[in-house]
Colleague: 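Before anything else, here's the structure in question.
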Protein chains: 2
Amino acid sequence: MTTIRDVAKAAGVSVATVSRVLNETGYVHEDTKKSVTAAIEKLNYSPNEVARSLYKRKSKLIGLLLPDITNPFFPLLARGVEDELRLHDFRLIFGNTDENPEKEKDYIQTFQQNNVIGMISMTNQLSKTTYQDLSIPVVFLDRTSSSLPSVYADGKEGGRIAAMEMIQRGSKRITLIKGPSHIQTAQDRFQGSLEVLSASEVDFYVMSTSSFSFEEAEKWAKELFKKYGDTDGVIASNDIVATAVLHEALRLEKSIPHDLQIIGFDDIPHSSLLFPPLSTIRQPAYEMGTEAAKLLMKLMKNNQMKEKSVQLPVMFIERSTTRKGEGHV
Amino acid sequence: MTTIRDVAKAAGVSVATVSRVLNETGYVHEDTKKSVTAAIEKLNYSPNEVARSLYKRKSKLIGLLLPDITNPFFPLLARGVEDELRLHDFRLIFGNTDENPEKEKDYIQTFQQNNVIGMISMTNQLSKTTYQDLSIPVVFLDRTSSSLPSVYADGKEGGRIAAMEMIQRGSKRITLIKGPSHIQTAQDRFQGSLEVLSASEVDFYVMSTSSFSFEEAEKWAKELFKKYGDTDGVIASNDIVATAVLHEALRLEKSIPHDLQIIGFDDIPHSSLLFPPLSTIRQPAYEMGTEAAKLLMKLMKNNQMKEKSVQLPVMFIERSTTRKGEGHV
DNA sequence: TTGAAAGCGCTACCAG
DNA sequence: CTGGTAGCGCTTTCAA
């Protein structure tokens, strides 16, 4: 392992000088700079980030917390975060929390022990105040908040769009699936759809569900068609749920989208790979990730910002589980 | 920020003593230990990992390199790695390399700068010697190697099984899709299938492809049915490719599995969500991850191990793109 | 423009 | 059994 001392020796200067050229700080003569650079090159030296981190009490590490990377919605977000942060030489320590507060706390603690300089959290468990007590900036991703920095998609508008498209495309007896009540984004979507549906002439049925898991969703889907067999349009709380509904409909040999239209939410990569491909409301996941990273970096420079939240637009992705519209919305 | 000094002061002992109780090293009287523990508790102190890392020249961080977390095969692997490592208090720094050697080198360098104590790599780009020069143990995941530590599934056997099941279930004109030639695991599968097919009585057609992307795969699928429209069984190089084939077959209104059987490879979560659900050869991705983590931890304790590679078994997952077998293999 | 030296928080050695 | 202290590799005063 080559250290700054080795470089100093090789260049015939002091470590202070090497440090100066490394950090481009203070004055250093052009010539000595050259010889230092040469020595660095020659020894293939790169500074020890740990030592830097210790002295400065801050690293180039960012903590990333997400519920479960195995859930297809998160990889794209994580990728967005990573790509953006990488451009600025930050690195990511990450942890899956499984929505478990203990794990979450545990990770936060070890993140701090490693001098992370900021955090991005996609979890829903810990209260906001828990985060507020941290001495480092945190941005919440895929979680709405007016008071704390956060990046999220316009779920309410998404819900509205879904309902409008559904009506526009001719469904008369619509089922609206309401996602888990502790997930704010799911509630926003629901409210948006509800608003439009209420104001419309169509009949609709609200089905409450309590998780986003596929297995659960399959059960609800069965139940749905049993209870409300003549529904001709379902607005699902996300794409996984929509997939379960699609499955069940296909099993019942319903013709899609003729007998039944389905609109999902998220546009996870899987959705376009279904047959028929799923119409859905896209959240710009990757971009949400990059935006969160950008916001965090701003916050790290200036913790007293006003513009703390960014809301991204959603859009309807027309695929094959909806009928052709008769003139668009 | 509270330091070991604060604790020492609060407990009325020296920092050395605090360090001893922290690390359970050396002798310390039961009473002083108690008062130290109390002080730690009271001050809510937790040691600075950065300082530790600097002194010991090793951290509790592990580097994880993968091509792209957005590819549905990787999250499960990553999750396995994380869960296992977490049990032993290690944390993960990770990077997506996009199979780009520059990014890969870049990450490896910064990992080292952060004193990572080991690495798990799922990439295929950098030569093995590049890794061998590292001073820390590395295990390769989803990449075969007899010389270097690695964890992978038995692709060849998987290929054999796929071919046997296909034949067993009555396909007579089989298409075998050969994945990218630079990916060893893909070649193993191919060889396994080829072996069985060659020794059998059925006709078969080999189609060479050069990537795993869905878009590319869609093109090949179209081409496949144009060239070899009466094929009644395709063994795909992975589930994404299988999905593309399934799409095209459905579009052509082939009856699955009556007219055409399809077997994929990997068993990514998406595969069971298709309609019809995809029959496939499962790689135990999560377990591969945990095994890689275990192997790495062994290596970190004892770098001179012999048992350096672990091969995991694959299994056939019967779903609905294959016909019911007439007595199993 | 440069160097000496203090010190970031911790561990481990050596004395006592 | 305990404390003093050197030093991990680096940055940053302070003097020169």
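Below, chains carry the letters A, B, ... as their sequence lines are ordered, and counting in each starts from 1.
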Colleague: Using a cut-off of 4.0 Å on non-hydrogen atoms, how would the nucleic acid contact of T32(B) be classed: base, sugar-phosphate, or nothing?
Modeller: sugar-phosphate
Colleague: Do the side-chain N or O atoms of T17(A) get closer than 4.0 angstrom to the phosphate oxygens (OP1, OP2) of dT1(C)?
Modeller: no
Colleague: Looking only at side-chain atoms of I4(B), point me to the closest of dT11(D), dG9(D), dC10(C).
Modeller: dC10(C)
Colleague: Does L61(A) form a side-chain contact (heavy atoms from CB on, under 4.5 Å) with F111(A)? I'd like the steps, not just the answer.
Modeller: CA-CA 9 Å; L61(A) 299 174; F111(A) 287 175; over 6 Å; no
Colleague: Specify the separation, in whole Å, of atom CG of L54(B) and atom P of dA6(D).
Modeller: 17 Å
Colleague: Figure out the CG/C1' separation between N23(A) and dT13(D), and round it to whole Å.
Modeller: 15 Å
Colleague: Would you say a side-chain N or O of R57(B) is under 4.0 Å from OP1 or OP2 of dC8(D)?
Modeller: no
Colleague: Heavy-atom nearest nucleotide on DNA chain D for Y55(A) versus V50(A): which residue maps closer to 5'?
Modeller: V50(A)
Colleague: Tell me which nucleotide among dA12(C), dT2(C), dT11(D) gets nearest to the side chain of H29(A).
Modeller: dT2(C)
Colleague: How far apart are the closest heavy atoms of E82(A) and G95(B), and which atoms are they?
Modeller: OE2-CA, 2.9 Å
Colleague: Whole angstrom is fine here: how far is it from CD in E24(B) over to P in dA12(C)?
Modeller: 13 Å
Colleague: Can you tell me the distance, in whole Å, between the CZ atom of R20(B) and the C1' atom of dC14(C)?
Modeller: 11 Å
Colleague: Establish, from distance only, whether the side-chain atoms of R91(A) and T110(B) form a donor-acceptor pair under 3.5 Å.
Modeller: yes
Colleague: Looking at S19(A), I'd like to know whether one of its side-chain N or O atoms comes within less than 4.0 Å of OP1 or OP2 on dT11(D).
Modeller: yes
Colleague: Just the rounded figure in Å: distance from P of dT2(C) to NZ of K9(A).
Modeller: 20 Å
Colleague: With sugar-phosphate meaning primed atoms plus P, OP1 and OP2, does V13(B) contact a base, only sugar-phosphate, or nothing at under 4.0 Å between heavy atoms?
Modeller: sugar-phosphate
Colleague: For dC10(D), take OP1 and OP2 only and decide whether either is under 4.0 Å from a side-chain N or O of Y45(A).
Modeller: yes
Colleague: Is the phosphate of dC10(D) approached by N48(A) (side-chain N or O, under 4.0 Å from OP1 or OP2)?
Modeller: no
Colleague: Output the rounded distance in Å from CG (L22(B)) to C1' (dA12(C)).
Modeller: 14 Å
Colleague: Any side-chain N or O of S14(A) under 4.0 Å from OP1/OP2 of dG3(C)?
Modeller: yes
Colleague: Can you identify which nucleotide, out of dA5(C), dT2(D), dG3(D), has its nearest atom closest to the A16(B) side chain?
Modeller: dG3(D)
Colleague: Roughly how many Å is it from CD in E49(A) to P in dC8(C), rounded to a whole number?
Modeller: 20 Å
Colleague: Nearest whole Å is fine: how far is dC8(D) P from K56(B) NZ?
Modeller: 16 Å
Colleague: If you look at every heavy atom in S53(B) and V50(A), which pair is closest and at what distance?
Modeller: OG-CG1, 3.6 Å
Colleague: Would a 4.5 Å heavy-atom cut-off, applied to side chains only, mark L92(A) and I93(B) as touching?
Modeller: no
